[in-house]
K.L.:
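Sharing a structure here in structure tokens format.
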Amino acid sequence: MHRRKKMHLYLLSLFFTMQICTPQAAVGVPENATISAVFVFGDSIVDTGNNNNLITLVKSNFPPYGRDFMGGKPTGRFSNGRIPSDIFAQQLGIKELLPAFLDPNLQLQDLIGGVSFASAGAGFDPLTSELVFVMPMLKHLRLFDEYKTKLKSFIGEERADSTVANGLYIVSAGSDDIANTYFHTSTWIFQYNASSYTELLVRSASSFLQVLQIQYK
Ligand SMILES: *[C@@H]1O[C@H](CO)[C@@H](O)[C@H](O)[C@H]1NC(C)=O
Ligand SMILES: *[C@@H]1O[C@H](CO)[C@@H](O)[C@H](O)[C@H]1NC(C)=O
């Protein structure tokens, strides 16, 4: 049986995210690994503009966001400049900026090298995304499927499979679950305490990764 490469998967902790944002930091990859694309799932830390056309308040496509970005362009990145998704893609020599999959101006060639499926405000707990009308994490996975179909029709099955198999997968979520859902949901609909909610998040994160692992084959 053909042995697949081990999936490159990085779960970002906030600490790690902050580290790679410092100008001196570099992204380290396993020795001899060839990374062909970056695929990102999660929340505002890694959303490069997927929320722009959603009906939600969780948006950043207006000033002062993006004031240090390509001549002061707000793009839907929750930042004055680039965000970790872009930094990963750039540090790996793939591309300067990682496009948002839902960008209406996305061209077929932009699919090469990967995209971000993240949605600011999303969390592992489906309620987190629901409360602010953004895309739940399972929707990010459905978009990833859509991405694969589009990529195949563009560059052919074999090259598309290789791109997906040699991709770097980054999942960054959980802070909105804690900051928004856990601390701000009314107690009469929220039946969790800290330890049971943590368990729910771990279970959801784990099943997310399991589905992702099935999809990436
Ligand atoms: C990386 O490639 C070099 C040269 O082919 C080889 O000597 C080395 O053992 C490889 N390292 C790993 C971890 O596979
Ligand atoms: C948290 O909730 C669980 C299940 O409802 C319960 O078994 C546990 O004792 C609670 N823990 C604390 C610290 O209150």
Side-chain angles (χ1 to χ4, degrees), residues 9-12 14 17 21 37-66 69-70 73-90 94-151 154 163-164 167-177 179-181 204-205 208-209 211-212 215-216:
L9 176 69
Y10 282 58
L11 264 174
L12 285 187
L14 199 57
T17 306
C21 287
V38 178
F39 300 110
V40 186
F41 307 83
D43 59 21
S44 59
I45 294 171
V46 287
D47 179 359
T48 51
N50 284 312
N51 280 12
N52 289 356
N53 295 305
L54 298 186
I55 300 171
T56 174
L57 289 175
V58 193
K59 292 191 192 207
S60 57
N61 54 348
F62 49 86
Y65 291 109
F69 186 93
M70 295 169 59
K73 197 171 157 212
T75 55
R77 286 167 172 82
F78 279 78
S79 168
N80 59 315
R82 302 188 314 143
I83 61 169
S85 311
D86 305 309
I87 296 168
F88 268 104
Q90 190 233 352
I94 293 170
K95 46 187 167 185
E96 281 294 304
L97 299 170
L98 198 72
F101 184 61
L102 295 186
D103 180 348
N105 298 318
L106 194 78
Q107 305 296 307
L108 279 174
Q109 67 261 23
D110 296 328
L111 298 175
I112 294 170
V115 296
S116 171
F117 303 100
S119 181
F124 288 120
D125 178 354
L127 179 62
T128 302
S129 314
E130 235 174 82
L131 287 172
V132 290
F133 307 102
V134 301
M135 290 193 289
M137 298 288 285
L138 288 179
K139 169 83 177 179
H140 308 186
L141 292 173
R142 280 204 296 280
L143 293 179
F144 178 48
D145 249 351
E146 222 175 275
Y147 167 92
K148 288 193 293 184
T149 307
K150 278 190 175 165
L151 188 69
F154 181 47
T163 300
V164 167
L168 174 70
Y169 292 77
I170 298 169
V171 183
S172 175
S175 45
D176 292 308
D177 295 312
N180 305 340
T181 311
S204 311
F208 178 87
L209 295 183
V211 178
L212 178 57
Q215 281 203 356
Y216 118 100

K.L.:
Does a side-chain heavy-atom distance below 4.5 Å link P84 with I45?
P.N.:
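Result yes, sub-4.5 Å side-chain heavy-atom pair found.
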
K.L.:
To the nearest 0.5 Å, what is the distance between CZ (F41) and OG (S116)?
P.N.:
8.5 Å

K.L.:
Are D145 and R142 ion-paired here, with the side-chain N under 4.0 Å from a carboxylate O?
P.N.:
no

K.L.:
Step by step, work out the side chain to side chain contact (heavy atoms under 4.5 Å, CB included) result for N53 and L102.
P.N.:
CA-CA 8 Å; N53 295 305; L102 295 186; over 6 Å; no

K.L.:
Of the non-hydrogen atoms in A118 and V46, which two are nearest, and what is the gap between them?
P.N.:
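The pair with the smallest heavy-atom distance is CB-CG2, 3.7 Å.
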
K.L.:
Any side-chain heavy atom of F124 within less than 4.5 Å of one from T181?
P.N.:
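When only atoms from C-beta onward are counted, T181 and F124 do not touch, as no gap falls below 4.5 Å.
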
K.L.:
Taking all heavy atoms of G114 and all of K95, pick out the closest pair and write down the distance.
P.N.:
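Taking G114 first and K95 second, the nearest heavy atoms are O-NZ, 2.9 Å.
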
K.L.:
Compare every heavy atom of D43 with every heavy atom of A122, then report the nearest pair and how far apart it is.
P.N.:
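That closest heavy-atom pairing would be O-CB, 3.5 Å.
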
K.L.:
Are L212 and V171 packed together at the side-chain level, in the sense that at least one heavy-atom pair is separated by less than 4.5 angstrom?
P.N.:
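The answer is yes; the side chains approach within 4.5 Å.
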
K.L.:
Are side-chain N/O atoms of S119 and N51 paired as donor and acceptor at under 3.5 Å?
P.N.:
yes

K.L.:
Let me confirm one number: the CG-OG distance from N80 to S60, rounded to the nearest 0.5 Å.
P.N.:
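OG of S60 is found 11.5 Å from CG of N80.
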
K.L.:
For D86 and T48: C-alpha separation, side-chain torsions, deciding distance, then whether side chain to side chain contact (heavy atoms under 4.5 Å, CB included) applies.
P.N.:
CA-CA 8 Å; D86 305 309; T48 51; 3.8 Å; yes

K.L.:
Do side-chain atoms of N52 reach the backbone of T75 as a donor and acceptor pair under 3.5 angstrom?
P.N.:
yes

K.L.:
Would you name the heavy atoms of A89 and L98 that are closest together and state the gap between them?
P.N.:
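Shortest heavy-atom separation between A89 and L98 comes out as CB-CD1, 4.0 Å.
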
K.L.:
Out of curiosity, M135 CE to L54 CG, how far, rounded to the nearest 0.5 Å?
P.N.:
6.0 Å

K.L.:
Shortest non-hydrogen contact from F101 to L106?
P.N.:
O-CD2, 3.6 Å

K.L.:
Under a 4.5 Å cut-off applied to non-hydrogen side-chain atoms, are V38 and I94 in contact?
P.N.:
yes

K.L.:
Identify the heavy atoms of A173 and G42 that sit nearest to each other, and give their distance.
P.N.:
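Scanning both residues completely, I find the closest heavy atoms to be CB-CA, 4.2 Å.
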
K.L.:
How far apart are the C-alpha atoms of F78 and I83, what are their side-chain angles, what is the distance that settles it, and do they pass the side chain to side chain contact (heavy atoms under 4.5 Å, CB included) test?
P.N.:
CA-CA 8 Å; F78 279 78; I83 61 169; 5.8 Å; no

K.L.:
With heavy-atom distances below 4.5 Å as the criterion, would you say the side chains of L209 and Y169 are in contact?
P.N.:
no

K.L.:
Can you say whether the rings of F117 and Y147 are parallel (under 30°), tilted (30 to 60°) or perpendicular (over 60°)?
P.N.:
perpendicular

K.L.:
Nearest 0.5 Å, what's the CG-CG distance between L127 and D176?
P.N.:
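Separation between the atoms: 12.0 Å.
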
K.L.:
Measure the spacing between CD of Q107 and CZ of F154 and express it to the nearest 0.5 Å.
P.N.:
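Those atoms lie 9.5 Å apart.
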
K.L.:
Which residues pass the side-chain hydrogen bond (donor to acceptor under 3.5 Å, both in side chains) test with N50, sequence neighbours left out?
P.N.:
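N50 satisfies side-chain hydrogen bond (donor to acceptor under 3.5 Å, both in side chains) with no other residue.
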
K.L.:
Is there a side chain to side chain contact (heavy atoms under 4.5 Å, CB included) between T163 and L151? Walk through the geometry before answering.
P.N.:
CA-CA 9 Å; T163 300; L151 188 69; 4.0 Å; yes

K.L.:
Strictly by modelled atom types, are R77 and S79 linked by a side-chain donor-acceptor pair under 3.5 Å?
P.N.:
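Looking only at side-chain atoms, S79 and R77 do not form any donor-acceptor pair under 3.5 Å.
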
K.L.:
Rounded to the nearest 0.5 Å, what separates atom NZ in K148 from atom CD in Q215?
P.N.:
5.0 Å

